[in-house]
Amino acid sequence: MRVSSAPSSAVPAAPGANARADTPDDAYEAIAVPPLAEGGYPPFRPFAAQAFDIARARHVPVFLLIGEMDEAFADPSLAMQIAERTVPVQLTPGMRPDVELLCQRAGALFSEEGALPLCALLLDDARPFLAAPMPPTGFALDPSRLYVWLAQADRRFAQNLTALTGQAAQVIRSFHAAPLRKPYSPQDAAHDLSRALFALEDKHSGGFGQIKAPLVCSLHFLQHAASRGDSRAHSALSRTLDAMLASALHDPLDGSFFRTTLTDDWRVFVPEKPLGINAMLAMILLENGRRSEAVRVLDFMLNTCSLEGGGLTPLLHAPRETYAFTPEQTCAVLGGESGLRVCRLLNLLHQHTSEEPRLAPSRFSPVPPDDPGRRLSMDVSALYPTLSPSITPEDAAFLRRVLPTLLRTRAARTPQRPASYVLTEDCALAAAVFASCGRRMGESRYTQAAQRAVTFLVSLPPALGNPITGTGGLPSSIAPVSPLHAQATCGASAALSLALLTLGQNEGMEEYANSGLRLLGAALHAFVRRDGLVMHTPQDPAAFFPRVPAIYDGELPSPAALLAHALRIANELRPDAHYAQTLRAVWEMAAPVAHDQPLACASLIDAMTV
């Protein structure tokens, strides 16, 4: 179980924020170890320059937690270790994608792990030197294992700070790609990306890699490649979508998808349903000709993720047990004959389903118990429904009639809870998908949902602008947030401009297009350097965190890819406004990275070749 918390602050330092305290009282407060917070938790601070000033004064690293605080952090030994030997800082996932990217790179380099949620140790100049993933939502955290990791890092920090400083420098250097000796076109990159995906494909279980996640950026690229006649891309995409729809990643009751699964055969799901992933999958399913599945995902977003005022929650989460059913429960709700048929179609019969494997998804997870031996089928507990791959049209019609009853039964348990905040990038991306799908299908309800979402986002207070860089009026990455703690990010601005421009393609909605063009112009000025390199944050002399290129994909398309899609629409609307020239400049700066790491730039390659 995790303790929910309000979004942490992510604020560029005000001028002079890095200066040390001038008064003796302030100096003592900076050096003194603060007491534990209520409940015995470490005294986590917001992500701001003050935390790094305190770390500098105390000569300790910053312990950064990107994610929600688990109850295990109240363990007395762990809480005191964090409070006494670090400056603890907490950051909401999605609030600062540049910080996430840098910490994930540190985890990949030095722990061979870089997934979110994670914890990281940073120097007092905000450069990470060590990171490791935390257990995902729904999985326990062992405080003793995290304590040992921190204690070992603390000894290294005290004894060999020079080596850790070198590791931090290596993280920054890893973003520098060598210049190319010859031209490298988007078509060349698409060829390399296809080869990389085909080499990584799991033809037995579908998908790519050992831990099966919905790689929406790669899937969207494969869909566009298939539409251009690539038979291998079509086959790989079809196998992956078929596997996803028949796996634990897919919730057959409401048609949505979970964040990821933790095995190579699509089992053991993480009980979070992210808005952005579901939006991208809805688009991919629709473009792949799977209209009914796409409509179910869109309706889930519309009916379950909508908030008062038109906003959309970035995720829904509940305990894993909420999603489980036994055959007896199913038959009690639906009746004997209908219940048995549903159990057969949703793989809820014990003799047809094997027990979930015992996993330790993180180095900080409890050690799984030894296998007690084979269990009898009658001893297997409740199962998680998955859709049978051999379902017929008659079976599908039957499920459409009875699944609402099971949904009401599940809702009576611990309900799926929305996040306490809205992420601008995720909400705007979902609005763009609503607008595009609504236009494709002629469904006004989706277009209206997109209108409500962008109206909600536009009405929010903008991020604090810088009169020198001209970043005033750009959307903040998260809401609600204090105006002093608001941070403009490229992903938020690019996604919102894309949503506005996509809506503006509808007849009679030209005003949305005009607003999108204005926001796109401001985003290009703030986030694109003169040489064409797209950055996560605007240039700010007072910022305490290094600027990071925004061309790498995460779970969702990179900000550079969102800008590229927006530039394509803008070029169609205003062909004489040099948007095509800007698009070429963006690609030229990203080409060296795409050449070296095509999988990490899949969405940008897709945007350049669509």
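The structure presented is a predicted model; accordingly, all values stated were derived computationally and were not measured.
Checking side-chain atoms of Arg58 against main-chain N and O of Glu84 turns up a donor-acceptor pair under 3.5 Å. Looking at Thr92, its side chain never comes within 3.5 Å of a backbone N or O of Met95 through a donor-acceptor pair. When atom types are taken as modelled, the side chain of Thr304 and the backbone of Met301 share no donor-acceptor pair closer than 3.5 angstrom. Although no hydrogens or angles enter the test, the distance criterion places a donor-acceptor pair under 3.5 Å between the side chain of Arg105 and the main chain of Ser174. Asp98 places no side-chain N or O within donor-acceptor distance of the main-chain N or O of Val548, the cut-off being under 3.5 Å. Gln167 places a side-chain N or O within 3.5 Å of a backbone atom of Phe129 that can act as its donor or acceptor partner. Side-chain atoms of Ser365 do not come within 3.5 Å of backbone N or O of Leu141 as any donor-acceptor pair. Using a distance-only test at 3.5 Å, with no hydrogens or angles considered, a donor-acceptor pair links the side chain of Thr322 to the main chain of Pro319.
When every heavy atom of Leu474 is checked against every heavy atom of Ala488, the shortest pair comes out as CB-CB, 3.9 Å. Ala177 and Val593 make their closest contact through CB-CG2, 3.8 Å (heavy atoms, listed as atom of the first residue, atom of the second, distance). Summarising the geometry of Glu425 relative to Pro557, their closest heavy-atom pair is OE2-O, 3.9 Å, with the distance given to 0.1 Å. The two residues Val33 and Ala83 have their closest heavy-atom pair at CG1-O, 3.5 Å. In terms of heavy-atom proximity, Val89 sits nearest to Ala51 at CG2-CB, 3.6 Å. Considering all non-hydrogen atoms of both residues, Asp142 and Pro366 come closest at CB-N, 3.8 Å.
Counting heavy atoms from C-beta on, the side chains of Trp266 and Leu249 come closer than 4.5 Å. The closest side-chain heavy-atom distance from Asp553 to Ser603 is below 4.5 Å. Annotation: side chain of Asp540 is not in contact with side chain of Arg547 (no heavy-atom distance under 4.5 Å). For the pair Leu429/Leu556, a side-chain contact is recorded, criterion being any heavy-atom separation below 4.5 Å from C-beta on. When side chains are defined from C-beta on, Leu122 does not count as touching Pro61, because their heavy atoms never get closer than 4.5 Å. Put simply, the side chain of Gln90 does not reach to within 4.5 Å of the side chain of Pro46, judged on heavy atoms. Using a 4.5 Å cut-off on side-chain heavy atoms (C-beta onward), Pro117 and Pro133 make no contact. For the pair Val268/Arg320, a side-chain contact is recorded, criterion being any heavy-atom separation below 4.5 Å from C-beta on.
The 12-atom threshold is exceeded at CZ of Arg145, counting heavy atoms of other residues, nucleotides or ligands nearer than 6.0 Å.
Take Leu161 and apply the side chain to side chain contact (heavy atoms under 4.5 Å, CB included) test, not counting sequence neighbours, and it matches Leu123, Phe157, Thr165.
For the atom pair CD (Glu588) and CG (Leu180), the distance works out to 10.5 Å, reported to the nearest 0.5 Å. In this structure, CG on Leu146 lies 5.5 Å from CD1 on Ile82, to the nearest 0.5 angstrom. Atom CG of Leu562 and atom CG of Leu520 lie 11.5 Å apart (nearest 0.5 Å). Between atom CG of residue Leu118 and atom OG of residue Ser362 there is a gap of 10.0 Å, rounded to the nearest 0.5 Å. The CD atom of Gln487 sits 8.0 Å away from atom OG of Ser476, with the distance rounded to the nearest 0.5 Å. Taken from CG in Leu498 to NE2 in His565, the straight-line distance is 7.5 Å, to the nearest 0.5 Å.
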**OP:** Apply the test side-chain contact (heavy atoms from CB on, under 4.5 Å) to residues Thr537 and Arg96: give CA-CA distance (whole Å), side-chain angles for both, the deciding distance (0.1 Å), then the verdict.
**Re:** CA-CA 9 Å; Thr537 52; Arg96 287 294 300 266; 4.1 Å; yes
**OP:** In sequence, state the C-alpha distance, the side-chain angles, and the governing distance for Asp426 and Leu312, and then conclude on side-chain contact (heavy atoms from CB on, under 4.5 Å).
**Re:** CA-CA 8 Å; Asp426 293 44; Leu312 298 165; over 6 Å; no
Original post:
Checking side-chain hydrogen bond (donor to acceptor under 3.5 Å, both in side chains) for the pair Gln170/Arg127: CA distance, chi angles, key distance, verdict?
Top reply: CA-CA 10 Å; Gln170 184 179 345; Arg127 292 183 299 167; over 6 Å; no
**OP:** I would like to know whether Leu102 and Phe545 meet side-chain contact (heavy atoms from CB on, under 4.5 Å); could you show each step before the answer?
**Re:** CA-CA 10 Å; Leu102 215 58; Phe545 196 79; 3.4 Å; yes
**OP:** In sequence, state the C-alpha distance, the side-chain angles, and the governing distance for Leu65 and Met134, and then conclude on side-chain contact (heavy atoms from CB on, under 4.5 Å).
**Re:** CA-CA 9 Å; Leu65 172 65; Met134 302 290 287; 4.2 Å; yes
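Side-chain atoms of Thr261 and Arg267 form no donor-acceptor pair, as typed in the model, at a separation below 3.5 Å.
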Donor-acceptor pairs are to be reported for all side-chain atoms of residues 269-277 against protein atoms at under 3.5 Å, with residues two or more places apart or in another chain.
| residue | atom | partner | partner atom | Å |
| --- | --- | --- | --- | --- |
| Glu272 | OE1 | Arg259 | NE | 2.7 |
| Glu272 | OE1 | Arg259 | NH2 | 3.0 |
| Glu272 | OE2 | Thr137 | OG1 | 2.7 |
| Lys273 | NZ | Asp251 | OD2 | 2.6 |
| Lys273 | NZ | Asp254 | OD1 | 3.4 |
| Lys273 | NZ | Asp254 | OD2 | 2.8 |
| Lys273 | NZ | Ser256 | OG | 3.0 |
| Lys273 | NZ | Gln416 | OE1 | 2.9 |

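Taking the ring centroids of Phe175 and Tyr552, they lie under the 6.0 Å cut-off. Note: Phe47 and Phe544 meet the aromatic proximity criterion, with ring centroids under 6.0 Å apart.
Under the ring pair (Phe, Tyr, Trp, His ring centres under 6.0 Å) criterion, the residue pairs touching residues 65-110 are Phe44-Phe73, with sequence neighbours excluded.
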